[in-house]
Every structure is written in structure tokens, then in C-alpha cells.
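Here's a structure for you.
Atoms within a ligand are numbered from 1 in the order they appear, just like the ligands themselves. Only this structure's heavy atoms are used, side chains among them; waters, hydrogens and symmetry mates stay out.
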Amino acid sequence: MSFLTAVAGKGGVGKSTVSALLVRILSERDIVLAVDADPNSNLGQKLGTDVPGTVGQVREGLLSKGGQPPRDMSKQEYLKLKLREILAEGNGFDLLTMGRPEGPGCYCYVNNLLRVFVDQLMDSYTQVIIDNEAGMEHLSRRTARSMDLLILVSDPTAVGVATAVRLSQLAEELDLKVKRKVLLINGVRSGKEAKAEQLARDTGLELFLLHDDEVVREASSSGATVKGDEPLASELRELVPNLFPSNKRT
Ligand SMILES: Nc1ncnc2c1ncn2[C@@H]1O[C@H](COP(=O)(O)OP(=O)(O)OP(=O)(O)O)[C@@H](O)[C@H]1O
Ligand SMILES: [Mg+2]
């Protein structure tokens, strides 16, 4: 059984940073699949992994003229093969990049098969971390079936927290099966913890804080990857036993 985590929140609050660090930390003990579900993918870059292609490209390829499987191969076999080809092998984890989502109303055969195969693929890992695009779309698009953990990331602002709360409500309205939801306020300056806690007070969400980290910001501005030894990584590492119980290991 895989433990499935989705990371969501307002734009620029640190979703991909948190996702990439979790992938690094969890791959020390688990078999991890990182899923980049942001059409403007950059999780591969943050993890220093080349991305050979996206699920969107596989779908578009198969739907395009001349993208048909060879004569001796079924569409199913061909799709599975293509999906394997775009699965990037990172250092201790694999990375699946979703790319462009299907157009509205695309309930086509290929797309349904892809969903089934992506779900099957997820099942072969003990941890799946899905880094989502900003906003709400991905939730209604059902990037993930049921989730064990929904991490709502926010910056220490009222707007960020309000977005997190809206996402949390949307998950409920859409009847998504979410076992646990937490609010992670990221980028808190030291001495401002009480203020961040105040912002979260009426949300009813379980709260965790992460501090502003100069090392992460500097690395990111020079295009460097997240390594897992930054101060922010140490903070996250302390949250891991609580958020990712190890009895989920197989
Ligand atoms: N705790 C932190 N301290 C300092 N800088 C941070 C912290 N967390 C994230 N950042 C920086 O904030 C910027 C945005 O982070 P990131 O790309 O992870 O956000 P995002 O929510 O994934 O953005 P998007 O909505 O564009 O996908 C990056 O430059 C990142 O290095
Ligand atoms: Mg991102």
C-alpha cells in the first residue's frame, strides 16, 4: 500500500520546495515516487533530475496522427511502455511529470487508460508525493484518488491562509477522500511564530510551522537543487515521524 500525499496552496508559497525536500528525506527510508502535477513543471529541476517527457506528451502523442502503436502491440501495452519511458530515475526516487492536463471534457479511452496506469504505478511505491500547481484546478481534476495526507502550504499571510482554507473546503465539497489535512505555514521569520499561529487560529486545521531559510532562497535564486541538508530540511525532518508514520512501510 502506498501512502499518498498531495501538496497544495497559493502560488509561490513553497509547495515545490517542501515537496522536493520531502522526497529527499523520505527516500532515505521509503520507496518514493515524486509526481510533478504542475503544468509549469519544475520539481525535476529542484531535484536535479532530467525529465524525459510528460504524461501529457504521451497522451498527445497517442492521440496524434501517426502516434499509433506498432501493429503487433495493443494500445494498452504501448501506453504502459511509453509511461515507463517518461519515468525519470532520480537519486533514490523516481519522478513522474504530468505536464499539460487533458482538455475539458476529455474522457477519452487513452486518458482513462493513463489514469489507471498512473494509479497502478503509484501503487508500486511506499510513498507518493504530489506537487500541485497553485490554485484549485488540480483538486477538481482529481490528480489523486484518495489521499492519506493533504498538506496545505501557506506563507505567513492572511491571503495565503485563506487560500489554504478554501482548498480544504473544496476537498470536502468534492468529496475527496482525505485522511488527514494539515496547514503548513512556511517562511515564518524567527520571532514571528505567535503571529503565524494567530493567523491559523480559526482555521480548525492542524498547524505546523517552517521558518524562512536563507540557504534555500539563495540556492533557488542561483538555480541550484534542494539537497536535504538545509536548515529547512532539518525542520521538515523533525515533522516526518508525525506526518508519515513508518508503519506504512512495506
Ligand atoms: N522556507 C523558505 N525560506 C526561504 N525561501 C523559501 C522557503 N520556501 C520556499 N522558498 C523560496 O520561495 C520561492 C518559491 O518556492 P516554490 O517554487 O517552492 O513555491 P511554489 O509554491 O511551488 O510556487 P508555484 O506556485 O510557482 O509552483 C523559491 O525561490 C524558494 O526557494
Ligand atoms: Mg511549484
- Does ligand 1 have any atom that is closer than 4.0 Å to a heavy atom of L210? no

- H211 near ligand 1 by a heavy-atom separation under 4.0 Å: yes

- Per-residue contact class, D212 against ligand 1 - non-hydrogen pairs under 4.0 Å: both

- Query: With no hydrogens and no angle check, is any side-chain donor or acceptor of D30 less than 3.5 Å from a backbone partner on V32?
  - Reply: no

- Query: Under 3.5 Å between some N or O of ligand 1 and some N or O of G14?
  - Reply: yes

- Query: With a cut-off of 4.0 Å, which atoms of ligand 1 are near a heavy atom of V216?
  - Reply: 6 (C), 31 (O)

- Note the single closest protein heavy atom to atom 26 (O) of ligand 1, along with its residue, its atom name and the distance in Å. G12 N, 4.0 Å

- Are the side chain of Q68 and the backbone N or O of L62 linked by a donor-acceptor pair below 3.5 Å? yes

- Query: Quick one: nearest non-hydrogen protein atom to atom 20 (P) of ligand 1, plus distance?
  - Reply: K15 N, 3.4 Å

- Examine L232 against ligand 1 and note whether any of their N/O atoms are separated by less than 3.5 Å. no

- For N242, look at atom CG and say whether over 12 heavy atoms of other residues, nucleotides or ligands are found less than 6.0 Å away. yes

- Query: Which protein N, O or S atoms lie under 2.8 Å from the Mg ion (ligand 2), given by chain and residue number?
  - Reply: S16 OG

- Query: Is K46 in contact with ligand 1, taking contact as a heavy-atom separation below 4.0 Å?
  - Reply: yes

- Message: Is there a side-chain contact between I86 and L96 in this structure, where contact means two heavy atoms from C-beta onward sitting under 4.5 Å apart?
- Response: yes

- Task: Ignoring angles and geometry beyond distance, decide whether E214 reaches within less than 3.5 Å of ligand 1 through its nitrogen or oxygen atoms.
- Result: no

- Message: Does the protein place a non-hydrogen atom closer than 4.0 angstrom to atom 13 (C) of ligand 1?
- Response: no

- Item | No-hydrogen, no-angle side-chain donor-acceptor test under 3.5 Å, S168 and K181 | yes

- Message: For the 3.5 Å polar cut-off, considering only N or O atoms, please tell me whether V18 and ligand 1 meet it.
- Response: no

- Counting each atom of ligand 1 from 1 as listed, which ones have a heavy atom of G11 under 4.0 Å away? 25 (O)

- Query: Salt bridge check: are E230 and R24 linked by an N-O gap of less than 4.0 Å?
  - Reply: no

- Please confirm whether the backbone N or O of D229 pairs with a side-chain atom of R237, one donor and one acceptor, at under 3.5 Å? no

- Counting heavy atoms only, name the option from N42, N186, D213, N132 that's nearest to atom 7 (C) of ligand 1. N186

- For R189, does the CZ atom have more than 12 heavy-atom neighbours from other residues, nucleotides or ligands under 6.0 Å away? no

- Query: Is ligand 1 under 4.0 Å from a heavy atom in the side chain of D38, in the backbone, in both, or in neither?
  - Reply: side chain

- Test applied, side chain to side chain contact (heavy atoms under 4.5 Å, CB included); reference residue, L232; option that passes from V226, D212, T17: T17

- Query: Heavy atom under 4.0 Å from ligand 1: found in T17's side chain, backbone, both, or neither?
  - Reply: both

- Flag S220 as yes when one of its N or O atoms lies below 3.5 Å from any N or O atom of ligand 1, and as no otherwise. yes

- Message: Between the side chains of E77 and K80, is the shortest nitrogen-to-carboxylate-oxygen separation below 4.0 Å, so that they form an ion pair?
- Response: no

- Side-chain contact, heavy-atom cut-off 4.5 Å: D131 with V23? no

- Query: Mind checking whether P39 and E133 have side chains closer than 4.5 Å, heavy atoms only?
  - Reply: yes

- Task: Would you check if the side chain of D148 reaches a backbone N or O of L4 as a donor-acceptor pair within less than 3.5 Å?
- Result: yes

- Stepwise, does the side chain to side chain contact (heavy atoms under 4.5 Å, CB included) test hold for L167 with T163? CA-CA 6 Å; L167 281 164; T163 303; 4.3 Å; yes

